[in-house]
Amino acid sequence: MACSPGWSIISRWRRDALAQSDTAVISNEPAITPELIAEHGLKPEEYERILKLLGRAPSFTELGIFSAMWNEHCSYKSSKIHLRTLPTKAPWVIQGPGENAGVIGIGDGLAVVFKMESHNHPSYIEPYQGAATGVGGILRDVFTMGARPIACLNALSFGDPNHPKTRALVGGVVAGIGGYGNSFGVPTVGGEVRFDRRYDGNCLVNAMAVGLAETDKIFYAKATGVGMPIVYLGSKTGRDGIHGATMASAEFGADAEEKRPTVQVGDPFSEKLLLEACLEIMAKGCVIAIQDMGAAGLTCSAVEMGAKGDLGVALDLDKVPCRETGMSAYEMMLSESQERMLMVLKPDKEKEAEAIFRKWGLDFAVVGETTPTKRFVVRHGGAVVADLPIKELGDEAPVYRRPFAERRNERKLDASSIEPPVAVADALETLLGLPDLCSKRWVWEQYDHVILGNTVQRPGGDAAVIRINDGPKALALTADVTPRYCEADPFEGGKQAVAEAWRNLSAVGAQPLALTDNLNFGNPERPEIMGQFVDCVRGIGEACRALDFPVVSGNVSLYNETNGRAILPTPTIGGVGLLDQFRKSMTIAFKSEDEAIFLIGETRGWLGRSVYLRDLCGREEGAPPPVDLAAERRHGDLVRGLIRDGLITAAHDVSDGGLLVALAEMAIASGIGAVLEPPPGIPTHAFWFGEDQARYVITTKQSQPVVERAKTAGVPLVPLGATGGTLIAIAGERPLRVDDLKRRFEAWLPAYMAGAT
Amino acid sequence: MKARVTVTLKSGILDPQGKAIEGALRSLGVGGVTSVRQGKVFDIEIEGADRAGAEAALKSAAEKLLANTVIENYRIELH
Amino acid sequence: MKARVTVTLKSGILDPQGKAIEGALRSLGVGGVTSVRQGKVFDIEIEGADRAGAEAALKSAAEKLLANTVIENYRIELH
Amino acid sequence: MRSAVVVFPGINRERDMARALRLISGREPTLVWHADASLPQGTDLVVLPGGFSYGDYLRCGAIAARAPIMDAVRDFAARGGLVLAICNGFQIACEAGLLPGVLMRNAQLRFICRDVYLRVERSDTPFTRGYNAGQVIRVPVAHGEGNYIADGESVARLEGEGRVLFRYSSPDGMIDPNWNHNGAMNGIAGIVNERGNVLGMMPHPENHVEASMGRTDGRGLFAGLVDHFKVAA
Ligand SMILES: Nc1ncnc2c1ncn2[C@@H]1O[C@H](COP(=O)(O)OP(=O)(O)O)[C@@H](O)[C@H]1O
Ligand SMILES: [Mg+2]
């Protein structure tokens, strides 16, 4: 019989006790064959583990539940032991990894809730819906915790622009991210876009959401209390993305297009209603615990809520609102239909909560209750179709210490060994028009980046700046990684990704507070890939410790490879920083004529793994620039101080493309030119295009105090020249018109997307 | 030649639009509607009288552009 | 009962989407297409066997909501 | 100025609008739920804000235009009350028959969010008295379907009766296709009804009202409305 919310606790115990006898498990379901087990992505030894755990063979539904809970995506079985090494604590950290999103305090009783998550495989299969549902998923992670989303970012990696699939993927992914975020009503304010043939068969779509909550009104997944109603909220359940979770951890073969799961379709309208309804019942104090339904929706959310609370969960699938008829227990437990939540409700608030959801036109159904048995019991058609030990489902998931290969790091390239193929001026013109360095306006103009009226700095600078409520505080947000560095030297590359995010936040004047990561790699069962992962994580951890920049949330996406060809190691870092005065946020644009231009940091002319070396010399060689974390900290602190004290008028960190590209971006952003004088000693191409780290370009009207500040801080400060005119005029080089550089900078992406290149 | 290509969502694929329209019709007091699924039609004119050629062109149009065959089916009618 | 309501743009109303598709088809090398106009179809299920009642309901659905009769025409087929 | 902001499911710029009204009129607007049958007593200004009512499914604004509250809005307008319909609100007003024409897909078929320049065509209306005729203002747009289209006769009337209040223009006020991001007929960005008491416009003046945030070009519209009611009172 079906359970009704009206059950007495006693009778529930009896039923669960009954259910625990194996005989209660019905089986008008497919037999569990080795093939079926393999199809579920479970290795034979993992299946053995299941048999030992249960003392019997699992039912079909139970097999599905295990496959969902124990796949890479949900169990982090390959990455767990390494993620544990990351620093996650700081006085301002309220909640580190392990919940739906990380939480940090920013004073005034306010907390920032944020996380980044990948939707790589779904986006490759159906770019618009894949990217859209990726945004929807990360937004739910944030508002599940009681935070109202205030900004989104997205980090995108696509294949070679000339690969036949690339253009359609870019168009679909960007439209999907915009289509969801714009309709939901959150500004999408930052991110990155790169192109490399190594992403030909696996594009990366990493979406980050940031929300604002009151410190004392944050909600968690941990269920408490026995006999509490478990409520299903949001949209109805369909056969969407069944096996999505298992799929998301399966390496692509040539037949990827065949074994595609039913595609999930995003419904931003329902998500917006779900947001408003959830925040309303949270404010009314109806909620004990809440968990969004993401990968393997009902299964993961129910198990997580129970396991975290040391409680059992009894679900009755006959109560689940379904979109389609005749859905099996297996399908309901594994469905990835979007815009759904599971909640443990205060019993006395049930009617109030239901009324709120009805008002918003959303489904609301009591589908089960918490039990004292620590078992996960699922009934369908009155019969028990799953009865599993709830803690073990998570805790006993396999954990692998996979073998990994140390990478032989490459030698440092000597700049003098690299012949400049073209003059400096020609090189700059080429670089600014490259897919990786050109303006991404075509992308971010498809995102509503002004809604909510708090966008202080729009896309186009180093970090987006979002005012908090009516101010005066503001958040700085950025997403960064340099995959070509990570491949050449995963440890230095991991450090660099964190350092660049920290730098971008400092460049707008923000104090970096914490980060979220999205670790995208190939097949971890290959030692060289596992080696990349391990060393990147080591590098990230080292940088986080050195910069007091803890990791509070993150996501791992493995098996990003096709026919044995892996993506570049891509550990995307999403950084969050705080400004006390949004009015003081610094921008990259030159402000007026005749201001002094200085370079902060040391330039050795490091061309190894630079964009210059790759795209102008056609060489992908050498060690990437080393990251001196102590210097990063000194230099960033200096820049932040200069901004706070109003001593400088513009700031821009130096990253891809090197110093002259950074200077050109500052000129293009303002229409004001510059007269530049390279110091002697370093080959000019290495000086202008080397990618040494820990560097910023600043402009000032008050050179003297700036020079003194740098001296006392022991930070190298190099005069480069002055702003002014309409040209980038370098002593001894062909002068370049800023408006012409701007045209080149803006031209490539629109032309490419129009099919003109 | 005139042709019509009709593109509809595969069954089982969520149709948020249809769902919203269903609700709206209900609140507008339009009785008895139990399900709405939305699709697209493309009315296309093709020059030349060669039916086979036209059909081939329409098929590739549908496959390459008009339908997203991951989630949609299409039908071609040539008048 | 199953029905299909087809909504198309009135002639004379210009159709940016159709225009763009025309262009796209040309650049995809799909030959001979001289014009594309995009419309919508709604596949509707109505309960009850009374055809007249169903037709009335569909007509009011089309008039009240499915078509913007300022710029669109509609056609109802009841199967 | 007592204003009422109508909230339909899926609307998402009601907060932006409420802030602009609060900052400039000094009064917190009332939020009115789409399912309500009436507007608050003594409402001076009704606002249909931006967003994606009902997800923009079917046609932008189509479903919201048929919500219960819209009868009250129609009556309010029929009695001469001022209605400000922005972005999705403009689409809703057109679908509701409060304004002529329709807003079609942007010519490039992409959603566009950027600052645009608007030429204010006249200053002798409650909505534009805060500006000078011919003045160029810079405000953001954020829409995928803002391409204004109406039949020849309607457009002729709009132009003939001086009912186009805002036009997309170059920074120096030239009407130029290169500065018309969505392909709207005659660069039409905002129009009023025959009676001049219902304004529909695609751009978002409510997002440019704070000096500390950069630009204040949007203030004139709200400040003008406040004056209008001061004078009236
Ligand atoms: N996918 C995207 N979405 C939104 N903004 C983006 C995206 N890609 C790039 N941008 C913006 O373009 C600007 C330049 O990007 P990038 O070169 O990656 O900056 P940086 O080198 O400082 O990290 C940044 O402001 C960034 O936020
Ligand atoms: Mg930067």
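Chain identifiers are assigned alphabetically (A, B, ...) following the order of the sequence lines, protein sequences preceding nucleic acid strands; residue numbering begins at 1 within each chain.
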*Do B:S11 and A:E324 come close enough that some side-chain heavy atom pair is under 4.5 Å?*
no
*Which bit of A:S337 comes within less than 4.5 Å of chain B, counting heavy atoms only: side chain, backbone, both or neither?*
neither
*asked:* Please report the interatomic distance CD(B:Q17) to CZ(A:F269), rounded to the nearest 0.5 Å.
replied: 11.5 Å
*A:Q129 CD to B:I71 CD1 distance, which is reported to the nearest 0.5 Å*: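 A:Q129 atom CD to B:I71 atom CD1 measures 5.5 Å (nearest 0.5 Å).
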*Which answer fits B:L14, side chain, backbone, both or neither, if we ask what part of it has an atom under 4.5 Å from a heavy atom of chain A?*
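When you check distances to chain A, atoms from both the backbone and side chain of B:L14 fall under 4.5 Å.
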*Does any heavy atom of chain A fall under 4.5 Å from the side chain of B:D15, the backbone, both, or neither of them?*
neither
*Specify the closest pair of heavy atoms between B:P16 and A:G266, including all atoms of both residues, with the distance to one decimal.*
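Taking every non-hydrogen atom into account, CG-O, 3.8 Å.
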*What heavy-atom pair brings A:R323 and B:G12 nearest, and what distance separates the two atoms?*
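Nearest heavy atoms, A:R323 then B:G12: NH2-O, 2.8 Å.
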*asked:* Any side-chain to backbone donor/acceptor pair from A:R239 onto B:I13? Under 3.5 Å, distance only.
replied: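 A pair under 3.5 Å: no.
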